[in-house]
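All values derive from a computational prediction rather than experimental measurement. These numbers come from the heavy atoms of this one structure, side chains and all, not from hydrogens, waters or symmetry mates.
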Amino acid sequence: MTLVIDLDMNVTLDQLEDAARQRTPVELSAPVRSRVRASRDVLEKFVQDERVIYGVNTSMGGFVDHLVPVSQARQLQENLINAVATNVGAYLDDTTARTIMLSRIVSLARGNSAITPANLDKLVAVLNAGIVPCIPEKGSLGTSGDLGPLAAIALVCAGQWKARYNGQIMPGRQALSEAGVEPMELSYKDGLALINGTSGMVGLGTMALQAARRLVDRYLQVSALSVEGLAGMTKPFDPRVHGVKPHRGQRQVASRLWEGLADSHLAVNELDTEQTLAGEMGTVAKAGSLAIEDAYSIRCTPQILGPVVDVLDRIGATLQDELNSSNDNPIVLPEEAELFHNGHFHGQYVAMAMDHLNMALATVTNLANRRVDRFLDKSNSNGLPAFLCREDPGLRLGLMGGQFMTASITAETRTLTIPMSVQSLTSTADFQDIVSFGFVAARRAREVLTNAAYVVAFELLCACQAADIRGADKLSSFTRPLYERTRTIVPFLDRDETITDYVEKLAADLIAGEPVDAAVAAH
């Protein structure tokens, strides 16, 4: 199968992720090629007319006021990609690097960047050949786009820097040679078109968002299982009451919980609790045997996770718009036969979206952390043993230690939600005087996602332990497949043992998002 990029289509985030993961070959349609050629033709005419154009016959960044003859274009463009390739730190994984490369191809294929068509073809060829540029993860301002990350790609395409090919890290020129791809020869605007855009943060952010969507979708099922494990009441999820508060995400979460728990024999019918308490009513105030309402971490699940569901949708719309945009400077519109100096490279949209993703995932982490506490505290668990330790309590510590981990990770995660999109620092002799840090925000979202998955994984472990104590045969048809899937990874814990590997496997499974019914059927 080939992903054909055409002018009349928007590439979806699902297509972007799938193509990067599956190493799907990419092809540019004839209309795309025609428009890319037309945009370049307009630029070449402007060069012949001796118009003064940023990055063509001027220098760039802090040297914007310097004029550079077109005869030195190749040297200028090569200097550019070398000078800004200053990122440091660990290299991004192959899938993320491919996602970024494909994001840049999608943007350039809009046909407004005036890149030399042959060089766009070579960028596609590098991706299709399986060459993965080594992209250090730290150092992008996210304002003139992701200059450092994208420059690492451009350098490899020009036969420089380093790349992974056939499982080996090697010089970029060697990787191109072994793959049979000729290095790019950069002309005016080419280097700038390759690096001056938001494709780095879009690619990295897309991977984080897609995994977050899978985690949150699975978390609705985990939430239902926790309601059962904690003997929670279902009436607060009745769609009739959510009709009076018309947030789409809240209604969606409530509906899934209400329908999912309909055949549960562990979740509680509020009317039964009411009748029990009515029978205990006397002539003086006294404590009842039950509470008429559950704690917020159970009862308010739709109101807490609803905003998370809604914000993930908004983030997805932002990323898809940015992915399918021309996001560099200057822009050359062939139908207008005109060139526009602009600021489309600025990453504020993505930076703010990633900050919201961090907050959404931290909200999930907070909720999971509170439920863990309820599972382990016998005074709040509606009859479960302390620390879910049924056998030999005291001699054994049960799941007590797991809360050390979840509390630590929850606290750490909260510190990571400080917004990056407002941390602007001026640079480049005050030319780049307000920056987005979108790439940093996206990288942080990836870390927050991992943290959230760990805490949710431990909540799931607790919920399954509680279900076994109460009677797993009473679980709903909605949660039983998740319970059974979990039990293929971690057994009922009737002895104390290290749970690190269990939590790691559960967290990875949650992010992978394999449909639970299919997963269970496979075992």
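For T198 (side chain) and F345 (main-chain N/O), no donor-acceptor pair under 3.5 Å exists by modelled atom type. No donor-acceptor distance shorter than 3.5 angstrom exists from the side chain of R214 to the backbone of L510, with no hydrogens or angles considered. At least one donor-acceptor pair under 3.5 Å links the side chain of R444 to the backbone N or O of I418. Between the R480 side chain and the A472 main chain, a donor and an acceptor come within less than 3.5 Å of each other. Between the side chain of T99 and the main chain of A20, no donor-acceptor pair closer than 3.5 Å is present. Checked by atom type and distance alone, the side chain of T143 pairs as donor or acceptor with a backbone atom of I434 at under 3.5 Å. Between the side chain of R487 and the backbone N or O of C464, at least one donor-acceptor pair lies under 3.5 Å. Checked by atom type and distance alone, the side chain of R104 pairs as donor or acceptor with a backbone atom of A193 at under 3.5 Å. With hydrogens and angles disregarded, a donor-acceptor distance shorter than 3.5 Å links the side chain of Q423 to the backbone of P419.
When side chains are defined from C-beta on, V309 does not count as touching Q250, because their heavy atoms never get closer than 4.5 Å. At a threshold of 4.5 Å between non-hydrogen side-chain atoms, the residues S436 and V350 do not count as touching. Side chains of R299 and E293 form a contact here, defined as non-hydrogen atoms less than 4.5 Å apart. Side-chain contact between E270 and D294 is absent, with no heavy atoms from C-beta onward closer than 4.5 Å. The shortest side-chain heavy-atom distance between N196 and L147 falls under the 4.5 Å cut-off.
For CD1 of I169, the number of neighbouring non-hydrogen atoms (other residues, nucleotides, ligands) closer than 6.0 Å is greater than 12. Other residues, nucleotides and ligands contribute over 12 non-hydrogen atoms within 6.0 Å of the NE2 atom of H242. Crowding of Y349 atom OH: a count of heavy atoms from other residues, nucleotides or ligands under 6.0 Å not exceeding 12.
For the residue pair D14 and Q210, a side-chain donor N or O sits within less than 3.5 Å of a side-chain acceptor on the partner. Using a 3.5 Å distance cut-off with no hydrogens or angles, the side chains of S255 and E259 do pair a donor with an acceptor. No donor-acceptor contact under 3.5 angstrom links the side chains of S223 and R256, judged on distance only.
Salt bridge K235/D238: absent, no basic N to carboxylate O contact under 4.0 Å. Electrostatic pairing of E17 and R213 does not count as a salt bridge here, judged by no charged N lying under 4.0 Å from a carboxylate O.
Interatomic distance, CZ of R470 versus CG of L266, reported as 7.5 Å (0.5 Å rounding). Taking CG of D473 as the reference point, atom OH of Y483 lies at 9.0 Å (rounded to 0.5 Å). Taking NZ of K162 as the reference point, atom CG of L155 lies at 11.5 Å (rounded to 0.5 Å). For the atom pair CD (E137) and CZ (R443), the distance works out to 5.5 Å, reported to the nearest 0.5 Å. For the atom pair CD1 of I131 and CE of M170, the computed distance is 9.0 Å after rounding to the nearest 0.5 Å.
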Please report the C-alpha distance between F387 and R396 in whole Å, then the side-chain angles of each, then the deciding distance to 0.1 Å, and finally whether the side-chain contact (heavy atoms from CB on, under 4.5 Å) criterion is met. CA-CA 10 Å; F387 306 109; R396 293 180 53 233; over 6 Å; no
Test salt bridge (Lys or Arg N to Asp or Glu O under 4.0 Å) applied to D313 and R248, step by step: CA-CA 11 Å; D313 285 345; R248 188 198 60 80; 2.4 Å; yes
Walk me through it: do K138 and V440 pass the test side-chain contact (heavy atoms from CB on, under 4.5 Å)? CA-CA 7 Å; K138 294 187 177 183; V440 181; over 6 Å; no
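In summary, of the residues considered (S326, S103, S113), a side chain to side chain contact (heavy atoms under 4.5 Å, CB included) with L108 occurs for S113 alone.
The two residues L493 and Q465 have their closest heavy-atom pair at O-NE2, 2.9 Å.
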